[in-house]
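Scope of the values below: all heavy atoms of this structure, side chains included, with no hydrogens, waters or symmetry mates. This structure is a prediction, so every number in the text was calculated from the model and none was measured. Below, chains carry the letters A, B, ... as their sequence lines are ordered, and counting in each starts from 1.
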Amino acid sequence: MADRYEPSSFEQKWRKRWDDADLFRTREEPGREKFYGMDFFPYPSGAGLSVGHCRNFVPTDVICRMKFMQGHNVLHPMGFDAFGLPAENEAIKRRSHPEPMIEQYAANYRRQMDLIGISYDWSRSFASSDPTYYKWTQWIFELLFRRGLAYRKLAAVNWDPVDKTVLADEEVVAGRAERSGALVEKKWIPQWFFKITEYADRLIDDLDGLDWPEGIKTQQRNWIGRSEGVQFSMPVVALTDDAYARIISGEPQPAAKQSEPRHSELEAIEAELRSTGFEPAADAAKAEKARLLHESLNRSSDQISSSSVQDGIEKAVERMQAKMPELEIVRTERRPSFEVFTTRIDTVFGMTFCVLAPEHPVVDRIASMVDPAHAEAIHAYQTVAKAVSDADRQAAQREKTGVFTGAYAINPVNDQPVPIWIADYVLATYGTGAIMAVPAHDQRDFDFAVKYGLDVRPVIKPDGPYLAGASPLGADEALDAYLKDPKSFNPVFESKSSTLINSGRYTGDTVSDAQRRLAEWMESRGIGERKVQYKLRDWLISRQRYWGCPIPVIHAADGEMQLVPEECLPVELPRVEHYEPTGDGTSPLAHIPEYVNTTDLDGRLGKRETDTMGGFACSSWYFLRFTDPHDADHAWTKALADAWMPVDCYVGGAEHAVMHLLYARFWTKVFYDAGLVSVKEPFKRLENQGQVLGYTPYRKVREGEKLDVGEDGVLVSFEQAAKLPPSEVTWRWARMSKSKGNVVTPDEMVEQYGADALRLYLLFKAPFNADINWENKGVEDLSKFLNRVFRFVAAVQPNFAAEWRDLIGFEELGAEERAVRRATHQTIRDVTADIERFSFNTYVAWLMKYLNALNDALGKTGAAPTRASALVMSEAVETLVLLLAPGAPFSADELWESIGKQGLTMHQEWPQFDAALASEDEITVAIQVNGKLRDTLRMDASADRDTLESAAKGSAKVQTHLEGKTIVKVIVVPGKLVNIVAK
RNA sequence: GCCCGGGUGGUGAAACGGUAGACACAGAGGACUUAAAAUCCUUUGCCGAUAAGGCGUGCGGGUUCGAGUCCCGCCCCGGGCACCA
């Protein structure tokens, strides 16, 4: 047999034998435990697989192969996420159709996966663009629609006014279209949504039971962003700046104000009247002013969503009327007001201004009631804000901007007017699109207040550490200084562990008491209510593109929407020559009359929906299709899904941490509610692999050159880099991509070093979830390890005793033989546990260590071993090959055959370890004095506490360190160490 | 700004709160060879002398008999983001 690793001599042979044996076809034998191991399905690109893709395929393959050998029925499928923008764009460029192109790419992926020996059951494979698959994606759309979870509403798309096309977020760079360079506009069109927000609580709660990386779970919780708070109403009033100043200065301090708070509008008007010396009966001119003022309060607003809030305002008007019957109250319209949501209602007395998103509907009404100069500023700011893309508005460390509207809102708890600003750091899409600003206790509000000279009013007493950290003064002086000039303290105090100050009758309350009491007070007054708010928004699935799953809806002439009957599914994509974007923002499908024009079941004319579904729809249920991939009559059979689900181990990149995984979880819950599956969660365990980075040359920037966002050098090819002077070139590790020219393919690695060397390198180089800096040299190193394995097996082979299992019990084993068996069984134990816990680098390390131990033992016995050593070596060589099999399956089968064993390693039973054989007779015990290592002793493994303690005290080294000290205490950890504490 | 990860020898990395550096690479020395490659052996955290001893897991504190590991406060690097009130 060969005593070297020569992969080219046997890889092809084993690929064929595996194929002939149909080795990877899913076993479905009753009575066996199931294991469903799955990789994220890839998008098949023309560049083919890089070694980066293999980063998760190989480890998943290792665990699936081990599970199979352990006797599980293993489902290990692979498919292709074929719909999407890149395929469509490439096909347009190539003037071909995406379908045959995708088929060709997928075939190449499959070839490459087979090349490196991944054990996929190809009989279950499909692409998401297969009509037999997307028929059921459409069926699921209809399921969601019927359950009230799919709806249409207006939503903005990125519109390129030059190319006249809708752009994906990805195609917008710094507010401009990537291709045309045009400033991207917003265009509002009706689009389809799935109501994922309805499942927000369940999507948070069920995370607890999942065996996922904590970081990913946290990211999902943060994405859903459940927060409990209070939403309350703020009426808008128009005041002159002077009037505002007088009200503020004339008001008693909130802390001293003990009377029952009155309604804000009334208070504001009264204050205004009083401040001008108004007496209703005596001064007609001032009565007229009051009337005008009042009228401005009566502008209509649809911002009042809660009837209880409306009631509250009506009552206030009634009170006002009672107080000033001479005023004519116009009741025909509602007063402008808006709602704010806050999680920190306890800080409401610290509100010194409020901020509306520039798009907030009430802003236009405000503009119409303030003086022209302010109105103009508002419109100017709105225009600017509109031009800035969402992404840029939310970009990091952006300078906050905003303008004062000229109007005021009334803080309902102390009746004080606060100026209303508009600023784009408040988003129209989250919460109510309006905030109360408490600069003393919110960093963003603080920054804004500092920039625009707005007041900062502390209402939570800062604790000692905060003040001490921010000031060299003593605690009392620091508190005084803080209350006098909070703006000089930064960062702001946001802690919830203190009590309130300057907060009327809530002063002295703890934060949590104040939150509860304020919420109750607002609810009892009808001013506001407790509310749970989510960051999560509904899932927008519409795409104005050709290459996606058609949405199975017909719009009847009367505007009614009907689902395409199930028996008419799938709605197939028409095979057409042209599917370029249409120039009017609609899908290319809209320009294919034979597709669009159709009739419904009753024979009425209708038009098909022409949007397609975004790719996340296709990937939200494919794991279920794998359980029953050929069923023409159902998406899946419940019994089969129940047999396989959940996916026991789902492996892919962390870049899908939120969206894909959240959508798949959402759909699974819908299926559960519909009785289609028995699991509430699709993926029991999730693992994220690290990236593979390629060594990439960059050239220094030359004068006059501009860099792309986020780059600090110009990407150059390897050829260009070789020609440049070394000082011009910097090398960096960067994600492998075709455009960077740093891609290493599995094909070249297999060619050069063999599939198993590539597989072991990927496993060994770094922990599974850490990034790998790719080095060909490393693959070579692992091929050398395989060389040593081949050499060892060849050396043992002449004395190999296939019947060792039956004979080994009858032999008297010496210390050497017992040591070999111990290594064997320890290795089985450690390897099995480490594959299970995705610690593949140590899996390979144990095999290396084991081989080293076996080679040492072999060196001692020499060419003429005793019967006993031949038997333990036979056990060892068999074990080594079987433990190697999941990681290096080609080599394992070759070695298995070379020692005369029948069959394939996959069909062998995974070795089991014997705890008695794995245990050590003698152990090294660490002897510490005061926690510092002073000596180590070899001791019998069964030595008890007393034996250990006296042995430790007997150590000469220990005694020198104990000189002149008294032993206070002795800690004995049997099997580990003795720690003598002495003074 | 917010969120999530990380910081351990020359390098990739190991390490249930219990002997820090397993396993490998690179380096040094040696064997074999005309020579090289390949292979094999020895050695390698730092200071110190090949000793004794001391120092060492980003920094500063703390808990503990004992901390890379747990707690508090920082610094730096990477990734993500929808400035989420």
Side-chain angles (χ1 to χ4, degrees), chain A residues 4 169 213-219 221-223 225-227 229 340-344 347 354-355 390-391 393-398 400 423-427 429-438 441-445 447-448 465 469 491 494 533-537 654-655 657-658 688 690-691 733 761 764-767 769-773 775 777-778 780-782 784-785 787-788 791 830 839 841-852 855 859 924-937 957 960-961 968-973 975-982:
Chain A
R4 315 188 40 163
D169 284 349
E214 277 308 316
I216 303 283
K217 291 206 246 180
T218 306
Q219 266 180 274
R221 283 190 197 101
N222 292 345
W223 186 271
R226 185 188 150 98
S227 55
V340 299
F341 173 79
T342 178
T343 55
R344 293 299 303 270
T347 63
C354 55
V355 187
D390 258 17
R393 255 174 79 165
Q394 290 138 20
Q397 293 175 343
R398 193 164 155 266
K400 288 178 176 52
D424 65 6
Y425 80 94
V426 172
L427 301 179
T429 46
Y430 179 74
T432 59
I435 63 161
M436 66 172 201
V438 184
H441 305 293
D442 181 281
Q443 190 68 50
R444 284 159 306 156
D445 298 344
D447 295 343
F448 196 81
E494 294 181 275
Q533 190 73 243
Y534 301 93
K535 218 163 50 155
L536 182 69
R537 301 202 285 264
E655 68 273 17
V658 177
N688 295 122
Q691 298 177 34
W733 294 103
Y761 172 71
F764 180 67
K765 170 80 177 182
N769 53 14
D771 289 352
I772 285 182
N773 295 336
E775 288 169 317
K777 167 74 172 59
E780 188 184 331
D781 295 338
L782 271 298
K784 288 180 182 173
F785 164 65
N787 251 328
R788 291 197 293 274
R791 201 178 318 124
D830 296 342
S839 178
N841 57 333
T842 54
Y843 153 56
V844 179
W846 297 133
L847 292 181
M848 289 174 167
K849 190 177 185 174
Y850 183 41
L851 180 67
N852 292 343
N855 267 324
T924 304
V925 178
I927 313 298
Q928 300 178 333
V929 177
N930 291 332
K932 290 205 171 204
L933 183 72
R934 296 302 178 189
D935 200 4
T936 58
L937 298 174
K957 287 183 189 169
T960 59
H961 286 279
V968 180
K969 167 167 158 187
V970 180
I971 311 278
V972 182
V973 183
K976 281 280 178 198
L977 59 71
V978 179
N979 186 14
I980 299 171
V981 187

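For A:R4 and B:A38, the shortest distance from a side-chain N or O to OP1 or OP2 is not below 4.0 Å. For B:G12, neither phosphate oxygen OP1 nor OP2 lies less than 4.0 angstrom from any side-chain nitrogen or oxygen of A:K765. For B:C81, the OP1/OP2 oxygens have no side-chain nitrogen or oxygen of A:N222 closer than 4.0 Å. For B:A85, neither phosphate oxygen OP1 nor OP2 lies less than 4.0 angstrom from any side-chain nitrogen or oxygen of A:H441. The phosphate of B:A24 (OP1 or OP2) has a side-chain N or O of A:N852 nearer than 4.0 angstrom.
The side chain of A:H961 lies closest to B:G53 when the candidates are B:A85, B:G18, B:G53. With B:C23, B:A20, B:G80 as the candidates, the nucleotide lying closest to the side chain of A:L933 is B:A20. Nearest nucleotide to the A:T343 side chain, out of B:C65, B:C23, B:A85: B:A85. Closest approach to the A:A770 side chain among B:A13, B:A82, B:A22 is made by B:A13 (side chain taken as heavy atoms from C-beta onward). Residue A:T842 places its side chain closer to B:A22 than to any other of B:C55, B:A24, B:A22. Here the side chain of A:K535 is nearest to one of B:U19, B:C84, B:A85, namely B:C84. Side-chain proximity of A:K777 to B:A82, B:C25, B:G12: nearest is B:C25. Closest to the side chain of A:R537, from the set B:C40, B:A22, B:A82, is B:A82. Nearest nucleotide to the A:T924 side chain, out of B:U19, B:A13, B:A85: B:U19. Closest to the side chain of A:T218, out of B:A82, B:C40, B:C3, is B:C3.
Using the Watson-Crick or G-U wobble rule with both distances under 3.5 Å, B:C81 pairs with B:G1. Pairing for B:A37 is absent, with no Watson-Crick or G-U wobble pair whose two atom distances lie under 3.5 Å.
If you take CG of A:L851 and P of B:A24, they are 9 Å apart, rounded to a whole angstrom. Rounded to an integer number of Å, the gap from CD1 of A:I772 to C1' of B:G78 is 16 Å. A:R934 places its CZ atom 16 Å from the C1' atom of B:G18, with the value rounded to the nearest Å. Spacing between atom CH2 of A:W846 and atom C1' of B:A13 amounts to 13 Å, rounded to whole angstrom units. Between the CG atom of A:N787 and the C1' atom of B:A37 there is a distance of 13 Å, rounded to whole Å. Between A:R221 atom CZ and B:C81 atom P the separation is 20 Å, expressed in whole Å.
Taking CZ of A:R226 as the reference point, atom NZ of A:K535 lies at 14.0 Å (rounded to 0.5 Å).
The residue among A:K784 and A:S839 whose nearest nucleotide of RNA chain B is located toward the 5' end is A:S839.
B:A13 and B:G7 have their P atoms separated by 9 Å, given to the nearest Å. Nucleotides B:G78 and B:G9 have their C1' atoms positioned 22 Å apart, rounded to a whole Å. Separating the P atom of B:G27 from that of B:U19 is a span of 32 Å, rounded to the nearest Å. Comparing the same atom, P, in B:A26 and in B:A35 gives a spacing of 23 Å after rounding to whole Å.
Shown here, B:G9 is classed syn by the O4'-C1'-N9-C4 or O4'-C1'-N1-C2 angle, which is within 90° of 0.
For B:C65, the base has a donor-acceptor partner in the side chain of A:N979 [N/O atoms by modelled type, under 3.5 angstrom].
Checked against side-chain contact (heavy atoms from CB on, under 4.5 Å), A:S227 has the following partners two or more places apart in sequence or in another chain: A:F341, A:T343, A:Y430, A:Q533.
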Verdict with reasoning, A:K777 to A:E780, per salt bridge (Lys or Arg N to Asp or Glu O under 4.0 Å): CA-CA 5 Å; A:K777 167 74 172 59; A:E780 188 184 331; 5.9 Å; no
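Counting any heavy atom pair closer than 4.0 Å across all strands shown, A:S227 reaches sugar-phosphate atoms only and no base atom.
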